[in-house]
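The structure appears below as structure tokens.
Numbering of ligands and ligand atoms starts at 1, following listing order.
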Amino acid sequence: MTRTLTTSALRMDAVTKTYGAGESAVTALREVSIGLDRGTFTAVMGPSGSGKSTFLHCAAGLDQPTSGSVLLGDVELAGMGEAALTAVRRERVGFVFQAYNLMSALTVAENVALVPRLSGHDVDRAWLHELLDRVGMRDRADRRPAQLSGGQQQRVAIARALVNRPEVVMADEPTGALDTRTGRQVLELFGALVAELGQTVLMVTHDPVAASYADSVVFLADGRIAGRLHHPTAARVSERMAHLGEV
Ligand code: ADP
């Protein structure tokens, strides 16, 4: 494992990802270079097929780039074997999905504590309680997912993503299954975690309003970074997306 000093939570340099070979080869990312400062909230947007999922997967160590470098904190992911990548994902990345993906047989508190348990660690009780407080779920710590609303389940998923104090929380359409008001509460929660805990969040979304909660928006088109908008508003995001060919 190569270690390099860095102040970024995530740094990608000239990341290219090609699926398949020969005539059927598809290049999903082309020479993508980007840095995410610690304690920032970044949204990724782009038309369908522009490489958003591939970008998130390469950043999270779910997929290896064909060439280029991915530094998560001070750890180089490129060239790592699957076992090492699995350990990196557990210890350094938090995941939040559209579909929550909680374990139905476990309570709220058990769901949050599960990932460290899988690595053989008990969660510090004070940290578990602080996380449940922050996401507004402390009084429901003993409930099971089926007894919670979608928004509450997503709050538990966010607490679970934070439990290992990850370098980056990767969120894939985290508000996609929520109604507008609940979705906004979840986005405000991400904003608060970034501002108050210094957490770094990277979120893929289709929704310009969701993207406007981020500190900056990275636009992808045809596997390339087509621009970055700081202090986005929903209107400016929509306008950029229109120029990328999205309605
Ligand atoms: P987005 O998330 O923006 O819709 P993706 O990253 O899923 O884009 O896909 C980018 C391109 O790579 C698309 O052309 C897609 O068909 C292709 N692609 C993605 N994953 C694979 C894969 N596992 N095998 C082959 N092609 C893939």
Among protein heavy atoms, which sits nearest to [atom], and what does the distance come to when rounded to 0.1 Å?
atom: atom 4 (O) of ligand 1; result: G49 N, 2.7 Å
atom: atom 8 (O) of ligand 1; result: G51 N, 3.1 Å
atom: atom 27 (C) of ligand 1; result: Y19 CD1, 3.3 Å
atom: atom 5 (P) of ligand 1; result: T54 OG1, 3.8 Å

Quick check on contacts: which atoms of ligand 1 are under 4.0 angstrom from a heavy atom of [X]?
X: P47; answer: 3 (O)
X: S48; answer: 4 (O)
X: K52; answer: 1 (P), 2 (O), 3 (O), 4 (O), 6 (O), 8 (O)

I'd like to check whether A28 has a polar contact with ligand 1, where a contact means an N/O of the residue lying under 3.5 Å from an N/O of the ligand.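 No, no N or O pair falls under 3.5 Å.
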Test your reading of the structure: does V26 have an N or O sitting under 3.5 Å from an N or O of ligand 1?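 No, V26 has no N/O under 3.5 Å of an N/O on ligand 1.
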Quick test of your reading of the model: are [X] and [Y] salt-bridged, counting only N-O distances below 4.0 Å?
X: D37; Y: R11; value: no
X: R117; Y: E110; value: no
X: R89; Y: E82; value: yes

Ligand 1 contact by [X], heavy-atom criterion under 4.0 angstrom:
X: G20; answer: no
X: S50; answer: yes
X: G223; answer: no

Using only heavy-atom distances, determine whether the side chains of E91 and S119 contain a donor-acceptor pair under 3.5 Å.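 The criterion, which ignores hydrogens and geometry beyond distance, is not satisfied for S119 and E91.
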Does the side chain of T16 pick up a donor-acceptor pair with the side chain of T66 at under 3.5 Å?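 T66 and T16 do not have a side-chain donor-acceptor pair below 3.5 Å.
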So which pairs with a foot in residues 53-62 pass side chain to side chain donor-acceptor pair (under 3.5 Å), sequence neighbours left out?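 Side chain to side chain donor-acceptor pair (under 3.5 Å) check on residues 53-62 returns Y19-T54.
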Qualifying side chain to side chain donor-acceptor pair (under 3.5 Å) pairs, either residue in residues 208-223, two or more places apart: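 Qualifying pairs, neighbours excluded: S216-R228.
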Tell me whether atom 15 (C) of ligand 1 lies less than 4.0 Å from at least one protein heavy-atom position.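 Flag for atom 15 (C) of ligand 1 set to false, no protein heavy atom closer than 4.0 Å.
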Can you tell me how far apart CG (L36) and OG1 (T42) are? Round to the nearest 0.5 Å.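 Here the interatomic distance stands at 4.5 Å.
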Are the side chains of L10 and L71 in touch, meaning some heavy atoms are under 4.5 Å apart?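 L10 vs L71: side chains apart.
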